[in-house]
Undergrad: 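Encoded as structure tokens, here's the structure I'll be asking about.
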Amino acid sequence: ENHCTIFTIAESPLDEKMIWVGTDDGNLQLTLDGGKTWTNVANNYKAAGVPAQTWVSSIEPSRYDKNVVYATFDNHMYGDMKTYLARSTDMGKTWTMLRSDNFKGYAHKIREDIVSKDLLFLGTEMGLYASIDGGKNWTQMKAKVPEYCLVRDIAIEPKTNDLILATHGRGILIVDDISPLRKINDQLLNSDIAFIPSRPTPVTNGHYGQGWPDAGGFVGPNSTEEALITYYLKERVNSGSVNVQVYDSKGALVVELPGTKRKGLNKITWNMRTKPPRVAEGGSKADWASTVGPMVHDGKYTIKIVANDKMASGELELIADPRSSFTAEQREANYAAVERTKKMEEELAVVMDSLLAEQQMIKEVKDLSPVITEYYDSLESIRKSLVPVKEGNNVLFVDEENLREKVTDIYYGVNFYEGQPTGSQQEGMNSIQKEMNEARTKIEERKKTYRPKVKAELKRLGKNQPY
């Protein structure tokens, strides 16, 4: 079936007067003078093994050499479901078929990468295929790309390095950041373990909002805004562990993440946060500040992939968010506020450690003497001012005024914001610091006042002395 219709047209990226045209009755025409004269090279590709009158489904003139051109051919109208893909290195005079036992389905689209001349993508009626060696070898890309996916068109976004697929019946699919594929070569594939650089990542809390869920609709998730860490394992790690370590410019360990162990390419994400603060214990409910660390600064970080006795390292670049409306000074003020409240969380934890340790030492004997009871209760009164103490099934929803809740409220507020802290937050931090100093002083004063009394009472009662 054909209609003598132009089905595809492509201009050379290197020569605006060089234009290729393919038709649905097998003609493949080339002009070198902007359309004044044309040459039909159909008989040349037929000599390479493409049947006569096959639809020319796509043409891809190379952006690296104007003598090179790729073309796909679709012959399913005649019951032929084979994948026809050919390349010419002499402007269509001769052609070479690019074949693979992995190919399935008739070909729709061939696309050459915009950075690496040897990286090619092929869309067929049955999926997406890629080659990293100029078409010598091909593999089907199955990672979240459906195996039976009708890939009708392919584009590459130059700013984000995303691979965009137009499909029949499955919408638009986006393969995030194909830049790691550009780094794959024989040397890397022969390595036991290798780090693969990714594009620079903006340091951000995120830009994607969440609307109220609707009753349906065909939508996909947004791409992650976390830092992507990619590495290669020649063989699956069947025993032991794979750890991903992140170091700052001074060589200090920022965080260690669990890695995946699969053979081939592995990808994990890092939320670009340091370790969470240690929070005050002794409360009746958890403090969520213990689950989220501060955001790191933009800059260059060293990544080490450790798989048992093997190790690979590389560099991860984090950049200031180009979409942010905040100035560098405002971001620095935010970092300072986050760091200050993190230290407050950990300072309060030390204060509570001291109080709880003191209570624990007299807990067994607190009912033996009014003096000891009075001391324990005075410490308990301080504990109630520092951490939540109410218990019950609905404890998470109980609003208690205590120092730990105040610190966490500001810590969360500045940690999930990227601009300068508000005046009330600054005042709150100053007030909290004052309250913490007062609590610490009260505890030390109680110790100084009551310890001698407790010691004397226990001696009178013939009990072991905790001090």
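Heavy-atom basis, side chains included; hydrogens, waters and symmetry copies ignored. Predicted, not measured: the structure shown is a model, and the values here were computed from it.
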Undergrad: A cation-pi test, strictly: NZ or CZ of Lys304 under 6.0 Å from the centre of the six-membered ring of Tyr247 and no more than 45 degrees from its axis. Yes or no?
TA: yes
Undergrad: Is the NZ or CZ atom of Arg273 positioned over Phe416's six-membered ring, under 6.0 angstrom from the centre and within 45° of the axis?
TA: yes
Undergrad: Parallel, tilted or perpendicular: which one describes the rings of Trp95 and Tyr45, with boundaries at 30° and 60°?
TA: perpendicular
Undergrad: Kindly give the heavy-atom pair with the smallest separation between Val21 and Ile59, and that separation in Å.
TA: C-CD1, 3.7 Å
Undergrad: Check whether any side-chain heavy atom of Val203 sits under 4.5 Å from a side-chain heavy atom of Met295, and report yes or no.
TA: yes
Undergrad: Verify ring-ring contact (aromatic ring centres under 6.0 Å, His included) between Tyr78 and Tyr106, making sure each step is shown before the conclusion.
TA: CA-CA 12 Å; Tyr78 295 95; Tyr106 45 92; over 10 Å; no
Undergrad: Tell me, do Ile19 and Trp38 make a side-chain contact under 4.5 Å, heavy atoms counted?
TA: yes
Undergrad: Step through the shown structure and confirm whether more than 12 heavy atoms of other residues, nucleotides or ligands are within 6.0 Å of CG on Asp186.
TA: no
Undergrad: Return the minimal non-hydrogen interatomic distance between Tyr411 and Val292, and the atom names on each side.
TA: OH-O, 2.6 Å
Undergrad: Counting only heavy atoms not in Lys82 (residues, nucleotides, ligands), do more than 12 fall under 6.0 Å from its NZ?
TA: no
Undergrad: How far does CG of Leu386 sit from CE of Met352, to the nearest 0.5 angstrom?
TA: 6.0 Å
Undergrad: Once salt bridge (Lys or Arg N to Asp or Glu O under 4.0 Å) is applied, what residue pairs with a partner in residues 44-67 remain, sequence neighbours excluded?
TA: Asp15-Lys66, Glu60-Arg111
Undergrad: Do Thr89 and Asn67 have side-chain N/O donor and acceptor atoms under 3.5 Å apart?
TA: no
Undergrad: Which donor-acceptor pairs under 3.5 Å do the side chains of residues 311-322 make with protein atoms, sequence neighbours left out?
TA:
residue	atom	partner	partner atom	Å
Asp321	OD1	Arg323	N	3.0
Asp321	OD2	His207	NE2	2.8

Undergrad: Judged by modelled atom types alone, do Thr8 and Ser58 share a side-chain donor-acceptor pair under 3.5 Å?
TA: no
Undergrad: So Lys183 and Pro197, do their side chains get closer than 4.5 Å, heavy atoms only?
TA: yes
Undergrad: State the OG1-OH distance between Thr341 and Tyr412, to the nearest 0.5 angstrom.
TA: 12.0 Å
Undergrad: Is the ring centre of Phe103 less than 6.0 Å from the ring centre of Tyr84?
TA: no
